[in-house]
Amino acid sequence: MVHQQSSRPRLSPSGDTEDIVALLAPRLAHFAGVARTEHVTRAAQEMNVPQSTLSRALVRLEEDLGVDLFVRRGRTLALTVAGRTFLGSVERALAEVERAADEVRADADPATGKVAFGFLHTMGAETVPGLLHAFRSDHPRVRFSLVQNYGEAMLERLRAGELDLCLTSPVPDAPDLVARRLDEQKLRLVVPADHSLAGRRRIRLAEAADEIFVTLEPGYGLRRITDALCKEAGFRPRVAFEGEEAETLRGLVAAGLGVALLPPPAVPRPGVVELTVTAPRAAREIGVAWLAGRTDTPPVAAFKRFLLSRRGSLLPS
């Protein structure tokens with residue numbers, strides 16, 4: 001292909017990558033179409049673009065790259081060695097873009113799309129499976145990407161765009177998030193079955209001031225609630241073990257290693273007794289959160305409406 005001299009600057013080999021991509025990307029499909037047909041007119045017809053537009057795009061692409069991608073052979077074009085090398089990478093790049101576009105379109109499909117949903121570990125055994133079962137009775141083909149984590153970690157994943165919605169506690173209050181309270185969950189003082197308090201049904205938390213506690217690690221919502229309730233009861237808990245999962249703490253309690261403030265288990269745990277705390281009021285709020293200003297796909301919007309409809313009845317009775 002013969003080129004006229006142009007005053008437009010060519011790309012420097014050391015040029016910024018983002019600038020190169022922004023300049024070349026719109027022309028790659030044009031290049032691939034001509035390379036496939038080896039004929040500008042036929043490529044223009046197949047791609048439904050004016051032949052002049054296609055010709056100018058090829059000339060500018062070669063100018064930007066600083067190499068010839070085609071040679072003329074009569075009424076047709078043939079790839080140069082550089083053109084063949086470039087075509088292989090361009091076809092892979094275009095295929096990846098097409099795959100990504102198909103994937104995001106599929107995730108947004110109202111009937112078969114995907115929801116990235118986060119929730120607390122303590123809600124994984126019973127609450128979330130029940131919610132998903134109920135939701136899928138009306139949306140049987142919606143897919144879910146499920147993430148279990150502690151509250152702060154899920155909020156960071158919301159902010160990073162990795163989650164659409166999350167169930168968390170405490171209910172966050174942040175300007176970049178929207179949160180709605182859905183339900184409340186009572187907390188109990190869990191003691192070993194052979195503990196001196198095990199014969200009780202109710203207890204004031206102040207009565208456990210001298211006990212050794214096992215708790216979740218700092219940063220977990222339940223740990224903050226535990227510390228706050230103990231402070232309200234007039235003491236600071238003496239913590240012997242810190243963990244990442246409530247059922248592990250129940251196991252530590254069963255082994256006689258301390259007591260813990262925990263939500264009810266999905267299945268009763270042998271070796272422990274769970275006491276109702278009468279004072280202070282021991283409960284945690286459960287809410288759903290999402291990123292403010294984010295546009296929901298149809299499946300995310302449907303699941304959000306479903307969760308909000310469960311206000312007051314989110315948790316198993």
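One-based numbering along the sequence shown. As a basis for the values below, the full set of heavy atoms in this structure was taken, side chains included, without hydrogen atoms, waters or symmetry mates.
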Indicate yes or no for a side-chain donor-acceptor contact from [X] to the backbone of [Y] under 3.5 Å, with no hydrogens or angles considered.
| X | Y | answer |
| --- | --- | --- |
| Arg188 | Pro264 | no |
| Arg159 | Leu291 | no |
| Ser137 | Ala134 | yes |
| Glu217 | Glu244 | no |
| Asp164 | Val300 | no |
| Arg224 | Gly219 | yes |
| Ser169 | Glu285 | yes |
| Arg27 | Leu58 | no |

**Asked** Parallel, tilted or perpendicular for Phe235 and Phe213, by the 30°/60° rule?
**Response**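 Correct class here is tilted.
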Any Lys/Arg nitrogen of [X] or [Y] sitting under 4.0 Å from an Asp/Glu carboxylate oxygen of the other?
| X | Y | answer |
| --- | --- | --- |
| Arg99 | Glu103 | yes |
| Glu63 | Arg60 | no |
| Asp227 | Arg223 | yes |

Query raised in the report: So which of Arg250, Arg202, Arg269 actually passes salt bridge (Lys or Arg N to Asp or Glu O under 4.0 Å) with Glu274?
Result: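 Result: among Arg250, Arg202, Arg269, Arg250 is the only option passing the salt bridge (Lys or Arg N to Asp or Glu O under 4.0 Å) with Glu274.
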Kindly indicate whether the side chain of [X], heavy atoms from C-beta on, has any atom under 4.5 Å from the side chain of [Y].
| X | Y | answer |
| --- | --- | --- |
| Ser145 | Glu162 | no |
| Arg136 | Phe306 | no |
| Leu120 | Met154 | yes |
| Ile286 | Thr127 | no |
| Thr80 | Phe70 | no |
| Leu132 | Phe303 | yes |
| Leu187 | Leu222 | yes |

For this session: May I have the step-by-step check of salt bridge (Lys or Arg N to Asp or Glu O under 4.0 Å) for Arg36 and Glu91, ending in yes or no?
Result: CA-CA 10 Å; Arg36 182 177 60 252; Glu91 288 180 330; over 6 Å; no
Taking CZ in Arg281 as the centre, count heavy atoms belonging to other residues, nucleotides or ligands within less than 6.0 Å. Is the count above 12?
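Open: at most 12 neighbouring heavy atoms sit under 6.0 Å from CZ of Arg281.
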* **Neighbour count above 12 (heavy atom, 6.0 Å) for Arg236 CZ** =>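 Not more than 12 within 6.0 Å, no.
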